[in-house]
Amino acid sequence: MKVPKLTDRSALEPLLNNGWALDTGRDAITKTYIFRNFIEAFGFMTRAALWAEKWDHHPEWSNVYKTVDVTLTTHDADGLTELDIKLARKMDSLI
Ligand SMILES: C[C@H](O)[C@H](O)[C@H]1CNC2=NC(N)=NC(=O)C2=N1
């Protein structure tokens, strides 16, 4: 299903004030989460994965020990959409 690109960029503002940054190379947002240990990091990924699957919207992410690097963008739209805002907010609520 096609989703429209984000036109109201003001929706990004609260996220950019909460650790998210605009990717320099493309229309995406990124955040690095650092947890106390691997189990906390992996627990976060597990919880986020369930929402990603439920919403059929998936992060690009990697994990090294207690660090999780996340990039959100909508591949179908080749850029940011409401789905990325929604998933970013959800991820922030899961830490
Ligand atoms: C077929 C399936 O619905 C699509 O491939 C979904 C899956 N997850 C997705 N995740 C993200 N981030 N962007 C997409 O465009 C996307 N598309």
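When a ligand or atom number is given, it counts from 1 through the structure's own listing order.
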With sequence neighbours excluded, tell me which residues meet ring-ring contact (aromatic ring centres under 6.0 Å, His included) with F44.
Y33, F35
Under 4.0 Å from a heavy atom of T73: give me the atoms of ligand 1 that qualify, with their elements.
11 (C), 12 (N), 13 (N)
Of V3, T74, D56, L72, which has the heavy atom at the shortest distance from atom 2 (C) of ligand 1?
D56
From the options H75, E53, K2, select the one whose nearest heavy atom is closest to atom 13 (N) of ligand 1.
H75
Can you find an N/O atom of D84 closer than 3.5 Å to an N/O atom of ligand 1?
no
Would D76 count as being in polar contact with ligand 1, using the rule that some N or O on each side must be under 3.5 angstrom apart?
yes
Please tabulate, one pair per line, all N/O donor-acceptor pairs under 3.5 Å involving side-chain atoms of residues 62-71, not counting sequence neighbours.
unit_1 : atom_1 : unit_2 : atom_2 : d
N63    : ND2    : Y65    : O      : 2.9
N63    : ND2    : T67    : O      : 3.1
D69    : OD1    : T32    : OG1    : 2.5

Looking at K86 and T81, would you say the former's side chain and the latter's main chain have a donor-acceptor pair under 3.5 Å?
no
Please check this pair: side chain of K31 against backbone of A88, looking for a donor-acceptor N/O pair closer than 3.5 Å.
no
Check: H57/E82 side-chain N/O donor and acceptor closer than 3.5 Å
no
